[in-house]
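Some notes on the structure that comes next.
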Amino acid sequence: MVPALERPRDPAFGDWATNLAMMLAKPLGRKPRDLAQQLIDAMDLARAGVRAAEIAGPGFINFRVATDTLAQGLLALVRAGRGYGRDASAAGQPVNVEFVSANPTGPLHVGHGRQAALGDAISSLLEATGWKVTREFYYNDAGAQIMNLAASVQARVAQRRGRDVEIPEGGYHGEYIREIAQRYVDEHPGDPEGANLDAVRQFAVRELRKEQDRDLQAFGVKFDVYFLESSLYAEGKVDETIRRLVAAGHTYEKDGALWLKTTDFGDDKDRVMRRSAEKGGEPTYFVPDVAYHVTKWERGFRRAINVQGSDHHSTVTRVRIGLQALDIGIPEGYPEYVLHQMVTVMKGGEEVKISKRAGSYVTVRDLIDEVGRDAVRYFFLMRKGDSQLQFDVDLARSQSEENPVYYIQMAHARMCGIFRVGEIDAATVTGEGVEFSVLERPEEQELIKALLDYPALVAGAAQALEPHRVATYLHDTAGKIHLWYHTAHVLNEPAPLMHARLALARAAQIVLHNGLTLLGISAPERM
RNA sequence: GCGCGCGUAGCUCAGCUGGAUAGAGCGUCGGCCUCCGGAGCCGAAGGUCACAGGUUCGAAUCCUGUCGCGCGCGCCA
């Protein structure tokens, strides 16, 4: 129960409104409207830049802001330019954002695309609020899946020699496996049979990593750190983690395996950490996961955010419990998780079933090739992460003219067009000395308010780790811009009006540019 | 069966952490091109916010239950 000061939905209710009187009415035993009047009487409205305060409905107080308050805001906006909507409140604290983290066992699919868009936008949002972000990609390049990959490639090599060899149980059947097998043979004349499994494995991982890197580059996502799971083994971090967990006293042996008492930390059953001898005696997957997150902590990241598909949500509690059980002062909520729901791909009016092992799925690359990078980014970001996302490829392609991302980009291009046609360098439009009170049309007032809301919106989206708020805001604001553009002419108006509108066009251009950039989408000057 | 998420217009989805008459895009219907780009704008139709209770001045939003959908639940990762 916190009193709110907010933008009313309906402009008839003023520029700002508060429910303070209604919140206080009950504890004070007073009527809300009487209390509201007393509150208004006690306020120094002029000093706050408020022109009028009215009591409305059950006890709202609606404020109307003096026009020069809006003018001050616009001036500050234009002066801030590219920096508008950014603040330094996090003071350069380090934060690690891990996303995509695809196994090098195949190309990136649509789910990875959603993660790439989300993780990159979340990182940008955090940077906009003063965090020092490290974008990190974790490669699971060790373990059973990689052995399956190597064996699958090996089988394809053998098949090329006319041998009757099947892809092993749990192996990969995609067409790309054949291609890798072909390239392996081409580049390894000394091993036409693919007999050297270790060489096949290394070659396949390297090829797939290269391909994933190309996909990420096409999508415009850059990582600061690529962390290899295999390095954890090479540096003894996995064994060390096991030793530390044993030393911390949360383990026991049963049936020849080593167990972690995760039930001590609220799990519904204990988990095996190291398999019994007859199962190979290897650590289970979550031990390297824990070891990996220890390195994040030890690398100085007191905040870590993982962007993952919700199909991995069971790892959340286990990784956190493993870190707790080490008893080294890592807080309970470490790391934070942003889980997104599944992406359904629609093509030809039917759902494309995604199965990596059967080799049937849509890749990030397919989407980029078909609808363009900007549209793919926007489509992945326009919905809240915990909603399932339906990505209709045909629709995204065929309706590209009415695509929301083009709508936003068009608004930006229109603002640029005003300056281009007027032969005015937009950067010289500062708003200094402009009489903003001539901007009295309702569409102009609404647009100004929307533009001035932008910094608070960015701060809120960053705090909630929800980039979709920026996407919907931009679409909404683009609508206000188109409406204004359509009703209010800028060039060849009387000088005071033209200068005020030029400043407003400049402000709109800045907000759209900054917002699109935050989402990793281009802001073209003409389309 | 248990856990997490979701259920809002014909379809795809927003709804700013409890506010005033629930919004947008697409689709449908009807208007607007001497005008900085019509890739645009305006208007109309379309809703039991899955359902039933509860909390309070006030619920799409919070709590409980029911139904439906998705994803998890291995000495796989």
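Below, read A as the first sequence line, B as the second, and so on, with proteins coming before strands; counting in each chain starts at 1.
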State which of [options] makes the closest approach to the side chain of [X].
X	options	value
A/N19	B/A77, B/G37, B/G19	B/G19
A/A144	B/G19, B/C76, B/C4	B/C76
A/Y407	B/G5, B/G15, B/G40	B/G40
A/A464	B/C36, B/C41, B/U17	B/U17
A/Q341	B/G5, B/G38, B/C57	B/G5

Flag the pair A/K449 and A/D453 as a salt bridge only when some basic side-chain nitrogen lies within less than 4.0 angstrom of an acidic carboxylate oxygen.
-> no

Under 4.0 Å between any heavy atoms, over every strand shown, what does [X] touch: base, sugar-phosphate, or nothing? Just pick one.
X	value
A/S276	base
A/N62	base
A/H489	base
A/V421	sugar-phosphate
A/L491	base
A/A17	base
A/G417	sugar-phosphate
A/D289	nothing

Would you tell me whether A/E229 and A/N140 have side-chain atoms, one donor and one acceptor, within less than 3.5 Å of each other?
-> yes

Using distance alone, with no hydrogens and no angle criterion, decide if A/R209 and A/Q212 have a side-chain donor and acceptor under 3.5 Å apart.
-> no

Could you work out the separation of B/G25 and B/A14 based on their C1' atoms and round it to a whole Å?
-> 10 Å

With ring centroids as reference points, do A/F13 and A/F60 lie under 6.0 angstrom apart?
-> no

Any donor-acceptor N/O pair under 3.5 Å between B/G25 base and A/H475 side chain = no

